[in-house]
Amino acid sequence: MRDRISVKNLKVYAYHGVLPEEKRKGQYFYLDIDLYGDYLIPCINDRVEDTVNYDEVCNCAYKAMTDNSFNLIESAAQVVCESILKEFERVDEVEITLKKPQAPVKCDIEYAAVTIRRGREYYR
């Protein structure tokens with residue numbers, strides 16, 4: 001069985017993008033994070049020590065986004081996935097949607113985004 005813990009629209013100011021001004025000025029990005037695993041034990045015993053602490057997940061994702069600078073949001077999302085899987089052993093799979101509302105496009109859009117899903121098999 002797959003349970004899911006979700007964090008929606010984590011706001012991060014970072015310096016990712018192909019254009020020089022994106023790397024110089026920075027911009028806001030928003031992350032949706034879905035953590036898949038078996039969370040039956042914490043459901044039964046009601047102990048935060050037995051689950052995935054979403055505050056810690058947010059801090060991990062925030063750090064991954066701000067400690068690096070990438071051309072592509074695909075690369076940024078990949079590093080966020082890797083960081084979460086390395087730090088949280090109770091997460092079997094993680095899905096990240098990384099949204100870029102200020103994407104430099106000539107059309108009127110709400111945001112550009114990438115969604116990737118990675119499991120432990122990528123990192124063994």
Side-chain angles (χ1 to χ4, degrees):
M1 176 157 305
R2 310 301 300 159
D3 300 319
R4 180 179 70 201
I5 295 171
S6 297
V7 172
K8 299 298 181 194
N9 284 323
L10 172 64
K11 186 177 182 179
V12 179
Y13 197 87
Y15 299 85
H16 308 297
V18 174
L19 301 177
E21 60 266 20
E22 292 180 291
K23 291 191 182 295
R24 189 179 74 253
K25 292 182 181 178
Q27 60 192 293
Y28 284 105
F29 297 86
Y30 295 85
L31 291 109
D32 292 341
I33 305 168
D34 291 310
L35 311 165
Y36 296 91
D38 182 354
Y39 305 126
L40 177 62
I41 299 295
C43 289
I44 293 169
N45 69 15
D46 197 31
R47 291 171 26 105
V48 71
E49 299 83 13
D50 294 329
T51 192
V52 180
N53 183 318
Y54 46 81
D55 180 46
E56 293 174 3
V57 169
C58 289
N59 289 329
C60 178
Y62 190 92
K63 185 172 179 2
M65 286 289 293
T66 58
D67 282 358
N68 300 284
S69 178
F70 298 103
N71 291 327
L72 303 178
I73 58 175
E74 292 88 334
S75 299
Q78 176 69 28
V79 168
V80 172
C81 283
E82 290 173 357
S83 298
I84 290 170
L85 287 169
K86 286 178 186 174
E87 190 161 332
F88 301 95
E89 65 184 36
R90 288 187 174 93
V91 175
D92 296 328
E93 289 183 314
V94 61
E95 182 173 293
I96 301 290
T97 298
L98 178 51
K99 296 175 258 188
K100 184 176 180 178
Q102 297 170 321
V105 297
K106 293 177 183 160
C107 297
D108 185 16
I109 62 171
E110 185 176 348
Y111 58 81
V114 62
T115 299
I116 64 171
R117 187 170 179 162
R118 300 291 184 259
R120 296 212 165 272
E121 66 274 7
Y122 287 90
Y123 307 104
R124 292 189 192 234

Is the terminal nitrogen or CZ of [X] (NZ for Lys, CZ for Arg) located under 6.0 angstrom from the six-membered ring centre of [Y] and within 45° of that ring's axis?
X    : Y   : value
K11  : Y28 : yes
R117 : Y36 : yes
K23  : Y15 : no

Path from [X] to [Y] over hydrophobic side-chain contacts below 4.5 Å:
X    : Y    : value
V52  : V7   : yes
V94  : Y54  : yes
M65  : V114 : yes
F70  : L98  : no
I116 : V57  : yes

Tell me whether [X] contacts the main-chain N or O of [Y] through its side chain, where contact means a donor paired with an acceptor under 3.5 Å.
X    : Y   : value
R118 : E95 : no
R24  : L19 : no
D32  : N9  : yes

If you count the non-hydrogen atoms of other residues, nucleotides and ligands that lie under 6.0 Å from [atom1] in [X], is the total more than 12?
X    : atom1 : answer
E110 : CD    : no
Y30  : OH    : yes
E21  : CD    : yes

Yes or no on salt bridge (Lys or Arg N to Asp or Glu O under 4.0 Å) for K8 and D34, after CA distance, side-chain angles and deciding distance?
CA-CA 8 Å; K8 299 298 181 194; D34 291 310; 3.4 Å; yes

Quick check: do F88 and C60 have side-chain heavy atoms less than 4.5 Å from each other?
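Yes; the side chains approach each other to less than 4.5 Å.
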
Determine the minimum heavy-atom distance between [X] and [Y], stating which atoms define it.
X   : Y   : result
L40 : D3  : N-OD2, 3.7 Å
L85 : V91 : CD2-O, 3.7 Å
Y62 : L10 : N-CD2, 4.4 Å
D55 : N53 : N-OD1, 2.8 Å
I33 : A61 : CD1-CB, 3.8 Å
K25 : Y13 : O-OH, 2.6 Å

Spacing of [atom1] belonging to [X] relative to [atom2] belonging to [Y], to within rounding of 0.5 Å:
X   : Y   : atom1 : atom2 : answer
E93 : C81 : CD    : SG    : 10.0 Å
T51 : R90 : OG1   : CZ    : 7.5 Å
S83 : D67 : OG    : CG    : 8.5 Å
Q27 : H16 : CD    : NE2   : 9.0 Å

Test E74 against Q78 for side chain to side chain donor-acceptor pair (under 3.5 Å), laying out the working first.
CA-CA 6 Å; E74 292 88 334; Q78 176 69 28; over 6 Å; no

Do I96 and L31 pass the side chain to side chain contact (heavy atoms under 4.5 Å, CB included) test, and can you show the C-alpha distance, the side-chain angles, and the key distance before you say yes or no?
CA-CA 7 Å; I96 301 290; L31 291 109; 3.8 Å; yes

Look at K100 together with E22 and state whether they make a salt bridge at an N to O cut-off of under 4.0 Å.
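Between E22 and K100 there is a salt bridge, with a charged N closer than 4.0 Å to a carboxylate O.
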
Could you tell me whether R2 and D38 have a side-chain N and a carboxylate O separated by less than 4.0 Å?
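No.
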
